[in-house]
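Working notes for the structure below.
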Amino acid sequence: MGIYNFKEIENKWQEYWQDNGIFKAAPSDKPKFYCLEMFPYPSGKIHMGHVRNYTIGDVHSRYKWIQGYNVLHPMGFDAFGQPAENAAIKNKSKPDIWTSKCIESMKSELKKMGFSYDWDREVSTCDADYYKWNQWIFLKMFERGLAYKKASGVNWCPSCQTTLANEEVIDEGCWRCHAKVEQKDLEQWYLKITEYKERLLEDLQQLKDWPKRVVAMQSNWIGKSQGVEIYFRLKDSDKIIPVFTTRVDTIFGATYVVMAPEHPLVKEIIKGKKEEKEVLKFIERCAQESKAVRSKEDVKKEGVFTGCYCINPVNEEVIPLWIADYVLMEYGTGAIMAVPTHDQRDFLFAKEHRLSMRVVIKKLETSNQKPEETQEAYEGDGVQVNSGHFDGLSNQEAKIKIAEWMETKSIGKIQTHWRLRDWLISRQRYWGTPIPIVYCRKCGVVAVAYEDLPVRLPQEAPITGEGGSPLNKVEEFVEVSCPKCKGQARRETDTMATFFDSSWYFLRFASPKCTSNPFDIKEAKYWMQVDQYIGGIEHAILHLLYSRFFTKFFKDLGMVDYDEPFKRLLTQGMVLKDGEVMSKSKGNIVDPDSMIQKYGADSLRLFMLFAAPPETELEWDDRGLEGAFKFLNRVWRVQENLKEKSEERLIRAMHKAIKKITADFEEFKFNTAIASLMEFVNAIYQSQADREVFSNLLIMVSPIAPHFAEELWSLLGNKESIFKAAWPKCDPALIVEETVTVVVQVNGKVRSSIVVDAGISEDELKERSLADESVKKWIKDSPVKKVIVVPGKLVNIVI
RNA sequence: GCCGGGGUGGCGAAACUGGGAAACGCACGGGACUUAAAAUCCCGCGACCGCAAGGUUUUAAGGGUUCAAUUCCCUUCUCCGGCACCA
């Protein structure tokens, strides 16, 4: 074991930072920097994921402090939610008591890591001072029709006994407990996030410093597809069957129309036909198949002819109308035009049922291929053929022209489909924000008055985990007089989804005690946007989409003047053990606290940053942690051997290190920054450092191992915190080398290297290279064809 | 299928804008110190051939562009993530 007493040191400096308010944020003339990590659910204990997430944020914040920024680096707790209720049921405790205990123990663990939070700004979403503003925001949305109640089919988790938002359903399971989600018809509260769909999609372009994959995931989720709704008339009838397509350029190749089995028109149009019986039988069979089975890709496409015909509005062609299970009622209009030549599904179906095909898009390179000969549909771009007066146009061009032409003839309408649905926020649970709505027999649905906020969550409620909303059974909560007519009324007893709480907490940190608004507009204007946000990829859609939505809503209220809350986003990778995610069930959890006991927080921080780049997965390694600890000890020993004056080569090495480390810190390349620190320390061991060199080393170590650096800094006799010191500057004059090593290649293979003056001319370098003994051996008598010179780097002789 | 990101030593990884592949560390091997061990310090460490000097070869596979390719282009394989009979 080493010699440095981390336990004592870490305690001492944590107290020092707290007592002296070193990391307190207050507006000033300095440039501001808002660094935020996703706040945790207070489970009571931190895990390695937290340690990694918060270490990255902490190092960045501390780096910004030393760079002279005015940093806001707050922390709080996403404290409403189900685990508190489950714990209440299990331990017969109360959610509020359980939660505040958890917050206390979690906070003390966070403090042990030495994170530079401004604890004066701590917020907890289960405090009435906080959730009051959830209610306020809800009412503002309600006034604008953005919060509304509707009856609809909803996702229901039978195990959590509550409804879920679409975003909370992962692979047909509950995101929290993985139980299979059921469908139920219920009347619930929704937020109209779809009102913002265009902006949510378009503003993704502003997010240049977000990981591409997060942007892609959000874009997928919003799911915009542009196309045309086309009206097919039923032959010998005035019935219209609308179909939706994104490939209107293939309309002249439609050879049949298909409706989903559940289509409401089906039963009506087949009435009396000789095919009626068979069609009904088919519909029956489809109804029994589960959605999961039906949407499996390799399942054979089945269908029946209805006996009816449709008329293609663009050419009056009469084509058969089919019913098939590969058409889904949930998407588009529940009916499609089938173009077997240019859609693979239609192609397979047409082959199976011997339906006709017609090519309308010709590939540029291939000749007149007959449809019967093709093995698959051609879905790419090409030139229009068999398409009336659109022949010869590129299909991309035709797409626009045909759509416009159809609109003028009223046979089609340009339309956009979205995947995004409104956000269901009602939860049949106790531990959440009460929805501030009252139901009055006379007045109907009535908003609670602003001055009556908060609607407090009653302390006592019968929590059983079943039988609907617990608040429903708390008479003194439910019974209320109507805010409008003062008559008898009942409160809404569902609570809000907890993602509501976290959709705006970053704004609250700007003014956590503000009593007039969710946040003080001036303070928020100073601190926002969040310059750097750091958190897990699991929030790529849920939390990040909701927060973007709320920010846009605040903009519409005139409370903020930007579109996006988070300028830069970093999604840190997971911490693995033996190639698997750490989890209780796998029994492979490494407890941060025990590691702090053994090696100290600084070593843990150092290891977390060194073992992998922040975005990638990190494989836990006990020996790696020990290595980090050894490195700190190695630095510690430097102090015992300080010299009067460093050699020049060490000074040069230092300036190189400053340049590289600074650049790496800027780009979150902590692993290579640490590698450079190690190289720098190795150089010190070759030559011995003076005070100045050692001081600079400490400053550059300080964001990573803050307690350790503070201690050595004070041992050097400094009276102020190292975080008040200035980041070292690289002197460009001192990193210019007098001599350089140039690699000499013959035919691209390294054959020698020569040391030359940095200022050497190209001709001279050429000469010196050709004169080199081992190079000569390789050239022998061969004529030199060409010599390529990369100044200061390399010479390649081509023979 | 579409979209996004990967594949480099025994392991974690590095490589600026096309210019010495494997920095830094872990593990391993050797040496110094020690009665001994630990700790520490120093050295070695992709593979193959060679006593050595040295040579050959190597960034998932194949091809291309180039004086020069982990880096650019094409094809293929494969892994991870999102969306998906989405018309």
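Quick note: numbers below take in every heavy atom, side chains included, and nothing from hydrogens, waters or symmetry partners. Since the model is a prediction, treat every value here as computed from it, not as a measurement.
With B:C41, B:C67, B:G19 as the choices, the nucleotide that has an atom nearest any side-chain atom of A:Val798 turns out to be B:C67. Among the nucleotides B:G82, B:C41, B:U56, the one closest to the side chain of A:Ile541 is B:G82. Comparing B:A13, B:G25, B:G55 against the side chain of A:Met678 picks out B:G25 as the nearest. Of the candidates B:A15, B:C86, B:G4, B:A15 carries the atom nearest the A:Lys669 side chain, counting heavy atoms from C-beta on. Comparing B:A14, B:A23, B:C85 against the side chain of A:Ala675 picks out B:A23 as the nearest. Considering only the side chain of A:Ala216, B:C3 comes nearest among B:G12, B:C3, B:A87.
Contact annotation for A:Asn796: base contact, defined as any heavy-atom pair under 4.0 Å involving a base atom. If you check every strand for non-hydrogen atoms under 4.0 Å, A:Phe631 touches nothing. At the heavy-atom level, A:Pro211 lies nowhere under 4.0 Å from the strands shown. As judged by a 4.0 angstrom heavy-atom cut-off over every strand, A:Lys785 is placed among residues making no nucleic acid contact. Among the protein residues, A:Glu619 comes within range of no part of the nucleic acid, since none of its heavy atoms lies under 4.0 Å from any strand. Using a 4.0 Å heavy-atom criterion, one finds that A:Trp210 contacts no nucleic acid atom at all.
Nearest-nucleotide assignment on RNA chain B puts the 5′-proximal partner with A:Lys212, out of A:Lys212 and A:Glu617. Comparing A:Arg623 and A:Met217 along RNA chain B, the residue whose closest nucleotide (by nearest heavy atom) sits nearer the 5' end is A:Arg623.
Both distances falling under 3.5 Å, in either a Watson-Crick or a G-U wobble arrangement, place B:C72 opposite B:G64. Pair assignment for B:G25 gives B:C11, based on Watson-Crick or G-U wobble hydrogen-bonding distances that are each under 3.5 Å. Across every strand in view, B:C2 sits in a pair with B:G82 that passes the Watson-Crick or G-U test at under 3.5 angstrom.
The phosphate of B:C41 has neither OP1 nor OP2 within less than 4.0 Å of any side-chain N or O from A:Gln686. Contact annotation: A:Lys786 reaches the phosphate of B:C67 (side-chain N/O to OP1 or OP2, under 4.0 Å). One finds a side-chain N or O of A:Arg634 lying less than 4.0 angstrom from the OP1 or OP2 phosphate oxygen of B:C41. Contact check, A:Asn671 against B:A14: a side-chain N or O comes under 4.0 Å of OP1 or OP2. Between B:G25 and A:Asn682, a contact under 4.0 Å exists linking OP1 or OP2 to a side-chain N or O. Between A:Arg419 and B:A84, a side-chain N or O to OP1/OP2 separation shorter than 4.0 Å is present. Proximity of A:Lys749 to the phosphate of B:A68: no side-chain N or O atom is located under 4.0 Å from OP1 or OP2.
Between A:Arg419 and A:Lys224, the closest side-chain pair of non-hydrogen atoms is not below 4.5 Å.
In the model, A:Asn588 has no side-chain atom that pairs as donor or acceptor with a side-chain atom of A:Glu580 under 3.5 Å. Side chains of A:Trp221 and A:Glu167: a donor on one and an acceptor on the other come within 3.5 Å.
Distance noted for atom P between B:G54 and B:G63: 32 Å (whole Å). Taking atom P on both nucleotides, B:G46 is separated from B:A38 by 25 Å, rounded to a whole Å. To the nearest whole angstrom, the two C1' atoms, one in B:A47 and one in B:A21, are 14 Å apart. Distance check on atom P: B:A22 versus B:C73 gives 25 Å, rounded to whole Å. B:G25 sits 35 Å from B:U76 when the C1' atoms are compared, rounded to a whole Å. A distance of about 25 Å separates the P atoms of B:G7 and B:A27, rounded to the whole Å. Nucleotides B:A15 and B:A60 have their P atoms positioned 16 Å apart, rounded to a whole Å. A distance of about 11 Å separates the P atoms of B:A69 and B:G19, rounded to the whole Å.
Comment: A:Arg345 does not engage A:Glu379 in a salt bridge, judged by the lack of any side-chain N to carboxylate O separation of less than 4.0 angstrom.
Taking the six-membered ring where the residue is Trp, A:Trp636 and A:Tyr4 present parallel rings, their angle staying beneath 30° rather than reaching 60°. Aromatic ring pairs are classed by plane angle as parallel below 30°, tilted from 30° to 60° and perpendicular above 60°; the pair A:Phe349 and A:His353 is tilted. Relative orientation of the A:Tyr331 and A:Phe244 rings is perpendicular, given thresholds of 30° and 60° on the angle between their planes.
At a cut-off of 3.5 angstrom, counting only N and O atoms as typed in the model, there is no donor on one side facing an acceptor on the other between the side-chain of A:Asn220 and the base of B:C83.
One atom, CE of A:Met608, and another, P of B:A13, lie 14 Å apart when rounded to the nearest Å.
With rounding to the nearest 0.5 Å, the separation of CD in A:Glu198 from CD1 in A:Ile222 is 10.0 Å.
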